[in-house]
**Student:** 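I'd like to ask you about the structure that follows.
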Amino acid sequence: GWKCPGFNGLDFNNKKNKAGGHCIFSDPSGADQAYASWQCQGDTVVCHGTLEYIGGTGKYQGISGSNTFVGHIGMNWPDGTASGYSTINR
């Protein structure tokens, strides 16, 4: 599974967004993991960004490279947090 915590700087006055964070990708057994950093920019609904692999364990040790993605903000919660999903280009 994938877990990608991060920050999301939503500027509703100017309809801009800048976000970033790190991801941990685990294989189905959970034994091996890959690590990545990500960042994106866009408006308050969609941001376009880059995911860069920075390391890993087991079969992912030494992983490198990058990929692009599109982040979609699905909900802005009253407490100031946001949630959504990303589509990684293959």
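Computed from heavy atoms alone, side chains included, the values below leave out hydrogens, waters and symmetry copies.
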**Student:** Checking side-chain polar atoms at under 3.5 Å, does T50 have a donor or acceptor matched by the opposite partner on W38?
**Tutor:** no
**Student:** Look at the side-chain heavy atoms of Ile, Leu, Val, Met, Phe, Trp and Tyr, link any pair under 4.5 Å apart, and say whether I73 and F69 land in one connected group.
**Tutor:** no
**Student:** Looking at side-chain heavy atoms only, is the closest gap between C23 and L51 below 4.5 Å?
**Tutor:** yes
**Student:** How close do I63 and G56 get, counting heavy atoms only, and between which atoms?
**Tutor:** CG2-N, 4.3 Å
**Student:** Could you tell me whether the side chain of W77 reaches within less than 4.5 Å of the side chain of S83, counting heavy atoms only?
**Tutor:** yes
**Student:** Below 30° counts as parallel, above 60° as perpendicular, anything between as tilted: where do the rings of H72 and Y85 land?
**Tutor:** parallel
**Student:** Are the side chains of N17 and D11 in touch, meaning some heavy atoms are under 4.5 Å apart?
**Tutor:** no
**Student:** Which atoms form the tightest heavy-atom contact between A19 and N8, and what is the distance?
**Tutor:** CB-OD1, 3.6 Å
**Student:** Side chains of Y35 and Y60, heavy atoms from C-beta outward: is any pair under 4.5 Å?
**Tutor:** no
**Student:** Are the side chains of W2 and I88 in touch, meaning some heavy atoms are under 4.5 Å apart?
**Tutor:** yes
**Student:** With no hydrogens and no angle check, just 3.5 Å: does a side-chain donor-acceptor pair link T68 and N89?
**Tutor:** yes
**Student:** Might you point out which heavy atoms bring G71 and S86 nearest each other, and give the distance in Å?
**Tutor:** CA-OG, 3.7 Å
**Student:** Mind running side-chain hydrogen bond (donor to acceptor under 3.5 Å, both in side chains) on Q33 and S26 for me, showing each step along the way?
**Tutor:** CA-CA 4 Å; Q33 296 180 329; S26 298; 3.2 Å; yes
**Student:** For the residue pair C47 and Q41, establish whether any side-chain heavy-atom pair is separated by less than 4.5 Å.
**Tutor:** no
**Student:** Does this structure show an ion pair linking D43 with K16, if we count only N-O contacts that are shorter than 4.0 Å?
**Tutor:** no
